Amino acid sequence: MSAVPELRITLAGAERVVAGGTTYGDALEADGRSVIAARANGELKDLAAAVSEGDVIEPVPVGSADGRAIVRHSTAHVMAQAVQEIFPEARLGIGPPVENGFYYDFDVKSPFTPDDLKRVEKRMREIVKQGQLFSRRAVSDDDARAELAAEPYKLELIGLKGGAGSDDGADVEVGGAELTIYDNLDPKTGELCWKDLCRGPHVPTTRSIPAFKLMRSGGAYWRGSEKNPQLQRIYGTAWESRERQDEYLHLLEEAEKRDHRKLGAELDLFSFPDELGSGLPVFHPKGGVIRRVMEDYSRRRHEEGGYSFVNTPHITKGHLYETSGHLHWYKDGMFPAMELEGAEYYLKPMNCPMHNLIFKSRGRSYRELPQRFFEFGSVYRYEKSGVIHGLTRVRGMTQDDAHIYCTREQMQDELKSLLNFVLQLLKDYGLDDFYLELSTRDDSDKFIGTAENWETATEALRQAAISSGLELVPDPGGAAFYGPKISVQAKDAIGRSWQLSTIQVDFNLPERFELEYQAADGSRQRPIMIHRALFGSIERFFGVLVEHYAGAFPPWLAPVQVVGIPIAEAHAPYLHDLAKKARERGIRIEVDASDDRMQKKIRNAQKSKVPFMLLAGDEDIANGAVSFRFRNGEQRNGVPIEDAIDEIVSAIERRVQV
RNA sequence: GCCGACGUAGCUCAAUCGGCAGAGCAACAGUCUUGUAAACUGUAGGUCAGGGGUUCGAUUCCCCUCGUCGGCUCCA
C-alpha cells in the first residue's frame, strides 16, 4: 500500500483514522462558508493546515464568537491590502478584530477622507469577489525582517515577539510561537497579491467574508501611547451574514435615535450653552423635574437606609487636597488654583476629604459606626477637551456621593448590604440587567498603601460581589490609587453596558486624615472608609436613563405626565377642571388650550413622549368621562374621571412603565 | 491634550466658483372650531460661532480662539 502514514484524530467525539496530509478542512468536510476554521486541541487553525496525530478537532462556525473574530481579522487584511494598493506609501500598523468589527492602523501622509474610505471599500469588494487565498507560511525572524524591511512598525513587532506587550493588540500579529506570514494569492494564477505578518488563523479565501462595511476613520497612537506617533485608524464591521450585519447597523441607528444629546435638545431637558464652557450643562425646567424626582426618591431611600445627610462647599484651600493626596496624585484632573488672600483655592474634584472633616469634627465612638454620610455633592474636574461627551463626560457634575466609616469587622457586612442597596435602587429606576467589575491593583507604582490592606479590601469586595450572585469580571490594574473597587455595569434597553455605581474600599484616606474612633476597650482605632457613588453622577445617570427609555420616561419620572386635549375649544374648561383635580393628587398635567387642531395637539404630545393623553369632547362630557390615548396609539374611551385619575396615580406610585 | 471633520434663524438644512442670505418646522398675529400623529393666511426672526488678516468688497480665501462631532489617549 501507500507509504503515506496514517493519523488518528478525534472528530465529533469519535476516533477516526486519516491519511497523512489531510487538512482540517478535509477532516471537517468544511465548505469554507459556514465553517471557516478548525479548533484542534483548543487551538484555532486554518482549514488548510494539516492535521496532526492525536488531534481533537472541532469545527469553527462562521457565526460563533471565534468565527466572527476570524472573519473580522481577515477583513482587516483585505482592507490593508486595498489601502496599500490605493496608497502605496501607507505603512502598516496592527489590524485586530474588536467587538463588532475590526480596525487597521496605517501610517499615511495625510489622514483618510470619507471619499478615501469609499474607494478602499470598493477595492475591498473586488478583492473579496476575486476569492484570494489566505496562505500561511512560517518564517524565521531574519527572513521576516528582510521581507518586511519596508514596514517599520512590523519590524518593531517582530522585536517584541514573546515579550509582554500583549494588551495592545500586537499579539494578533506576532502572538504565536513562531512568526508567520500570510500570503494572499490569486486563485487562478497563484500569483502573490499581498502579504502581512500575522499569527492567523484566517478564512480560507476572501470569498468567505460574507458581509462587511467600513465605518469611520480617526487618529490612533501607535501601540496606544500618546508618546508614540499617531497613525490613522480605519474601523470596519464584518459579520457572518448580510442579515446579521443589517441587524447590527440597525442597532446603531437605534442607538443614534436614543442619543441623549439629541433627545435632550428635542425634549427640552438640558443644554450646554457655549457661554458657560465645554462640559458644563444646564437643566431646563423639564429636565429639572426629572432630576428633582430622581433625587427626591434617592434621598428617601437613603434616609430609610440609615444615611446622614451632609453638605459641603464647592471650593477649598489647597491644604485639604495636600492632606488627601489629590494635589499629588490627581492634580492634572483638577481646575487650576485661584489665588486669594495669599492662599490657593481649588474647585473640589471629590467630596471625600470634606466628609472626612465632618467625621473628624468631634470624637467618634464605635457605637455610632457605621457612620454613613450622604451628599449630592457638586464636583469639578478638568477633563481634557477631547473627551467631553454629552452628559456622560462633563467638567461639572453632581455626585450622589456617600462615605461610610466603619470598623474592620463591619466592613464585610456593610459591603454586602451596600451592594444590595445599590442594586435595588437601580432597579427602581428601571435598570435590571447587571454585571459587576472588580478593579484591583497591579504592580504599577500609582497605587499607595500596604499590600496587606489591599488584599483585605479586595477580598471583602470579592465576597460581597459573589454573594450578589451576579457575574463578576476582573479588571486588574483598574483600581483607584487608594483602593480597589466594584463597579456596577448596567445593560440598557438595547443591550449596551454603562458603568454606573462604584463601591471603593479605602484604608488610605483615614490614615492621611488621621481619622479615629474610640473602641469599646477605650483604645483609639482607625475606621475604614467606603466610597460609594450610586448614579456615578446625576448627570451621567440622567443621560443613561434618557437613552434607556429613549426619552419615553415612565410616568413617575416623566416631566409632564398627562396632557389634556380638548376636542374643540369649548371642551377646554372641562379639562381644566379635571387638571385641577389631578394636580391635587400630585399629577403633573397640562391642558393644551392652544389654537392648534386636536390632531396637531396629539402629535405634539406624542412627540414629547407624554405617557398619558386625556381627550374630552361632547360625548365624554355628557358622561362625566374622559378618553385615554397612550403612547402606543391605543385609546380607551369614556373612562369616568375619578377612575382615570386613580389609574394614573397608580401608575406613578408603582413606578411602572406604560 | 493629539489627529480629522464641522459651525448659516430656536431646530433641520439650502445658497453664494469673493458681489444685498433662503426654505420647512418652531415662535408671534389673525381666520377657522374640528373625535385620536401636521388647518389656512400673514408677521417677525441672521454681526453667516468669535477675533484678526488678504481684498475695492469676505458668510465664502488664510490664521488664531471658542464650541460641536468622530477617533486616540485619559476617565481617581
Side-chain angles (χ1 to χ4, degrees), chain A residues 103 105 108 110-114 116 215-235 259 261-262 265-266 268 271-280 321 324-326 328-334 349-350 352 379 381-390 392-394 399 439 446-448 478-483 485 487 499 502 504 506 508-509 531 533 536-537 540 565-572 594-608 613-620 627-631 633-638:
Chain A
Y103 66 80
D105 290 342
V108 281
S110 55
F112 298 106
T113 65
D116 292 337
M215 304 299 284
R216 56 172 55 96
S217 62
Y221 296 110
W222 168 237
R223 304 195 62 227
S225 167
E226 58 187 329
K227 296 186 186 84
N228 289 337
Q230 197 158 44
L231 308 181
Q232 291 301 316
R233 175 171 298 179
I234 302 179
Y235 280 95
D259 190 317
R261 295 167 299 184
K262 187 171 165 252
E266 276 173 16
D268 196 16
S271 61
F272 293 88
D274 287 356
E275 291 84 343
L276 296 189
S278 189
L280 298 168
Y321 292 118
S324 67
H326 284 97
H328 181 68
W329 298 96
Y330 190 61
K331 192 164 187 182
D332 287 349
M334 293 169 64
M350 286 183 157
C352 32
V379 297
R381 301 177 179 186
Y382 177 66
E383 301 286 359
K384 289 193 219 163
S385 60
V387 307
I388 289 168
H389 183 92
T392 56
R393 198 76 183 274
V394 293
Q399 291 186 308
S439 301
K446 77 169 188 174
F447 300 107
I448 57 177
F481 67 84
Y482 51 76
K485 71 176 178 196
S487 50
Q499 181 184 318
T502 56
Q504 308 182 334
D506 184 359
N508 173 58
L509 279 184
H531 303 243
S537 80
R540 186 180 157 75
I565 298 178
I567 300 300
E569 198 176 337
H571 308 123
S594 69
D595 277 350
D596 287 329
R597 291 291 191 274
M598 175 264 296
Q599 287 86 343
K600 180 63 177 293
K601 292 178 182 181
I602 288 171
R603 178 180 153 87
N604 286 343
Q606 197 84 41
K607 279 174 51 173
S608 70
M613 284 174 232
L614 292 181
L615 284 77
D618 291 336
E619 283 176 43
D620 300 287
S627 295
F628 272 99
R629 181 187 161 101
F630 303 96
R631 275 178 179 143
E634 282 174 25
Q635 49 177 306
R636 199 159 79 244
N637 298 336

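Since the structure is predicted, the reported quantities are computational estimates derived from the model, not experimental observations. Within every chain, numbering begins at 1; the chains are lettered A, B, ... in the order of the sequence lines, protein sequences first and strands thereafter.
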Pick the [atom1] atom in [N] and in [M], then give their distance to the nearest Å.
{"N": "U8(B)", "M": "A44(B)", "atom1": "P", "result": "24 Å"}
{"N": "G50(B)", "M": "U34(B)", "atom1": "C1'", "result": "49 Å"}
{"N": "G1(B)", "M": "C64(B)", "atom1": "P", "result": "15 Å"}
{"N": "U55(B)", "M": "G24(B)", "atom1": "P", "result": "40 Å"}
{"N": "U60(B)", "M": "A49(B)", "atom1": "P", "result": "8 Å"}
{"N": "A58(B)", "M": "A23(B)", "atom1": "C1'", "result": "24 Å"}
{"N": "C74(B)", "M": "A37(B)", "atom1": "C1'", "result": "45 Å"}

Mate of [N] where both pairing distances stay under 3.5 Å, Watson-Crick or G-U:
{"N": "C17(B)", "answer": "none"}
{"N": "G70(B)", "answer": "C3(B)"}
{"N": "U8(B)", "answer": "none"}
{"N": "C28(B)", "answer": "G42(B)"}
{"N": "U47(B)", "answer": "none"}

Measure [atom1]/[X] against [atom2]/[N] and give the value in whole Å, please.
{"X": "Gln232(A)", "N": "A5(B)", "atom1": "CD", "atom2": "P", "value": "10 Å"}
{"X": "Arg540(A)", "N": "C75(B)", "atom1": "CZ", "atom2": "P", "value": "14 Å"}
{"X": "Glu383(A)", "N": "U73(B)", "atom1": "CD", "atom2": "C1'", "value": "12 Å"}
{"X": "Asn228(A)", "N": "G71(B)", "atom1": "CG", "atom2": "P", "value": "22 Å"}
{"X": "Asp618(A)", "N": "U34(B)", "atom1": "CG", "atom2": "P", "value": "9 Å"}
{"X": "Asp259(A)", "N": "G70(B)", "atom1": "CG", "atom2": "C1'", "value": "12 Å"}
{"X": "Glu226(A)", "N": "C75(B)", "atom1": "CD", "atom2": "P", "value": "10 Å"}
{"X": "Glu266(A)", "N": "G10(B)", "atom1": "CD", "atom2": "P", "value": "17 Å"}

**Complete:** Each nucleotide of nucleotides 36-45 of chain B classed B (base within 4.0 Å of a protein heavy atom), S (only sugar-phosphate) or -, in 5' to 3' order, makes BBBB------
**Prompt:** Start at the 5' end of RNA chain B and walk down; is the nucleotide closest to Gly277(A) or to Gln504(A) reached first?
**Reply:**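 Its nearest nucleotide being more 5', the pick is Gly277(A).
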**Request:** Assign each of Pro349(A) and Gly390(A) to its nearest nucleotide of RNA chain B by heavy atoms, then name whichever residue's nucleotide is nearer the 5' end.
**Result:**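 Of the two residues, Gly390(A) wins.
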Check whether any side-chain nitrogen or oxygen of [X] sits under 4.0 Å from OP1 or OP2 of [N], and answer yes or no.
{"X": "Ser110(A)", "N": "G4(B)", "value": "no"}
{"X": "Arg216(A)", "N": "G70(B)", "value": "no"}
{"X": "Tyr235(A)", "N": "G70(B)", "value": "no"}
{"X": "Ser217(A)", "N": "G71(B)", "value": "no"}
{"X": "Tyr103(A)", "N": "G71(B)", "value": "no"}
{"X": "His389(A)", "N": "G70(B)", "value": "yes"}

**Distance, nearest 0.5 Å, that separates CD1 of Ile388(A) from CZ of Phe272(A)** =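 Taking CD1 in Ile388(A) and CZ in Phe272(A), the distance rounds to 9.0 Å.
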**Asked** Say you draw a straight line from CE of Met334(A) to CZ of Arg381(A); how long is it, rounded to the nearest 0.5 Å?
**Response**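 Taking CE in Met334(A) and CZ in Arg381(A), the distance rounds to 10.5 Å.
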**Nearest non-hydrogen partners of Gly638(A) and Ser627(A), listed with the distance** =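 In terms of heavy atoms, the two residues are closest at N-OG, 3.5 Å.
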**Item:** Donor/acceptor link under 3.5 angstrom from Tyr221(A) side chain onto base of G71(B)
**Value:**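 Looking at the base of G71(B), it does not pair with any donor or acceptor on the side chain of Tyr221(A) (distance under 3.5 Å).
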**Asked** Hey, does the side-chain of Arg393(A) have a donor or acceptor N/O within less than 3.5 Å of a partner on the base of C74(B)?
**Response**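 Pair found.
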**Asked** Are any non-hydrogen side-chain atoms of Phe628(A) and Leu614(A) less than 4.5 angstrom apart?
**Response**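 Contact flag for Phe628(A)/Leu614(A) side chains = yes.
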